[in-house]
Visitor: 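My structure is below; once you've seen it, I'll send some questions.
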Amino acid sequence: MREQRASMFRRRQKSPLLERIFGFFWPKIGWKRSSRYVGHRVARLPGTPYSIAAGFACGAAISFTPFIGLHLAGGALLAWLIRGNLLASWIGTLVGNPWTFPFIWIGIYKLGLLMGAGVENSSENLDFITFFEQFLDALHSFDVSYIGEIAWPVLWPMIVGGAPCFVLSWILFFFPIKILVKRYHSRRVKRHAMAKKSTFTGSAGT
């Protein structure tokens, strides 16, 4: 049992799937430019301000759960249930990325422990990346023993701690994005009105 627990913190060969995911979300163009791009992308999505904001908030909120590999599907399902924009939910999952995941995982794990969900692991340095790599391997190979004895004592505090973070993050993302999209739509309507007015004035002058 002790050997099993110790092995959880030893890095195996890197998962090609995780490498592809990390490479896809890595902000090569810089966080500032990347954030602007995401903001413009979200504001230009078709739909009402509510649907876009609700969809994005669902995607962002699901990032505060330990359900790695299910964030896209989970965010889309939640968005569908509350009539949110599905594409916005996928964009919202970008909140969970290689830069933020370590802080999210540690935060929800520690919060779960404070809420009484389990006992802190005896290891001082919990390597969550290695943990999730091995957890995904265990799921793939149906290693019930590893999932029940090793993974669950870590996952349960993360689930409990992630619940309030899920709700709080949904609220914090929903309202600002709704305002952002409303302003963008308002400016777009004004631009179209001005374009029509200038076109009408030009044709009347000829």
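Keep in mind that the numbers below use all heavy atoms, side chains included, and drop hydrogens, waters and symmetry copies. Nothing fancy with the numbering, it's 1 onward along the sequence.
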Visitor: Sequence neighbours left out, what passes side chain to side chain contact (heavy atoms under 4.5 Å, CB included) with R83? Give chain and number order.
Guide: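 Checked R83 against side chain to side chain contact (heavy atoms under 4.5 Å, CB included); zero matches.
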
Visitor: From I91 CD1 over to I52 CD1, what is the distance, rounded to the nearest 0.5 angstrom?
Guide: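 Atom-to-atom, I91:CD1 and I52:CD1 are 9.0 Å apart.
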
Visitor: Rounded to the nearest 0.5 Å, how far does CD1 of I108 lie from CE of M115?
Guide: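 The CD1 atom of I108 is 11.5 Å from CE of M115, to the nearest 0.5 Å.
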
Visitor: Under the side chain to side chain donor-acceptor pair (under 3.5 Å) rule, what pairs show up with a residue in residues 46-59, not counting sequence neighbours?
Guide: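 Those involving residues 46-59 are T48-S51.
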
Visitor: For residues F132 and F101, establish whether the separation of their ring centroids is below 6.0 Å.
Guide: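 For F132 and F101, the ring centres are not under 6.0 Å apart.
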
Visitor: L70, L139: one ILVMFWY side-chain cluster at the under-4.5 Å cut-off?
Guide: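 Yes, because L70 and L139 connect within a single hydrophobic cluster, where side-chain heavy atoms sit under 4.5 Å apart.
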
Visitor: Hydrophobic clustering (ILVMFWY, side-chain heavy atoms < 4.5 Å, transitive) - are F64 and F67 grouped together?
Guide: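 Both belong to a single hydrophobic cluster.
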
Visitor: What distance do D127 atom CG and E133 atom CD have between them, rounded to the nearest 0.5 Å?
Guide: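 Taking CG in D127 and CD in E133, the distance rounds to 8.0 Å.
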
Visitor: Would a line drawn from the ring center of W105 to the ring center of F131 be shorter than 6.0 Å?
Guide: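 Centroid separation for W105 and F131: 6.0 Å or greater.
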
Visitor: Remaining members of F103's ILVMFWY cluster at a side-chain heavy-atom cut-off under 4.5 Å?
Guide: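 Besides F103, the hydrophobic cluster comprises nothing; the residue is isolated.
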
Visitor: Distance-only check: which donor-acceptor pairs under 3.5 Å involve side-chain atoms of residues 56-63, not counting sequence neighbours?
Guide:
residue	atom	partner	partner atom	Å
S63	OG	G59	O	3.2
S63	OG	G96	N	3.4

Visitor: Spell out, yes or no, whether I82 and V181 are grouped together once hydrophobic residues are joined by side-chain heavy atoms under 4.5 Å, including indirect joins.
Guide: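 Different clusters.
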
Visitor: Using 0.5 Å steps for rounding, measure from the NZ atom of K182 to the CD1 atom of I179.
Guide: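 Between K182 NZ and I179 CD1, I get 8.0 Å after rounding to 0.5 Å.
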
Visitor: Can you name the closest pair of heavy atoms from H71 and T93 and give their distance?
Guide: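 Shortest heavy-atom separation between H71 and T93 comes out as O-CG2, 3.8 Å.
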
Visitor: List, by chain and number, the other hydrophobic cluster members for L77, where Ile, Leu, Val, Met, Phe, Trp and Tyr join if side-chain heavy atoms come within less than 4.5 Å, directly or indirectly.
Guide: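 Listed partners: W80, L81, L86.
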
Visitor: Are L45 and L78 linked, directly or through intermediate hydrophobic residues, by side-chain heavy-atom contacts shorter than 4.5 Å (ILVMFWY only)?
Guide: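 The answer is no; the residues belong to distinct hydrophobic clusters.
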
Visitor: For residues 150-178, run the donor-acceptor check on the side chains, cut-off 3.5 Å, and write out each pair with its distance to 0.1 Å, sequence neighbours left out.
Guide:
residue	atom	partner	partner atom	Å
S169	OG	C165	O	2.8
S169	OG	F166	O	3.0

Visitor: Would you say H140 and L136 make side-chain contact, with heavy atoms under 4.5 Å?
Guide: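 A side-chain contact under 4.5 Å is absent here.
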
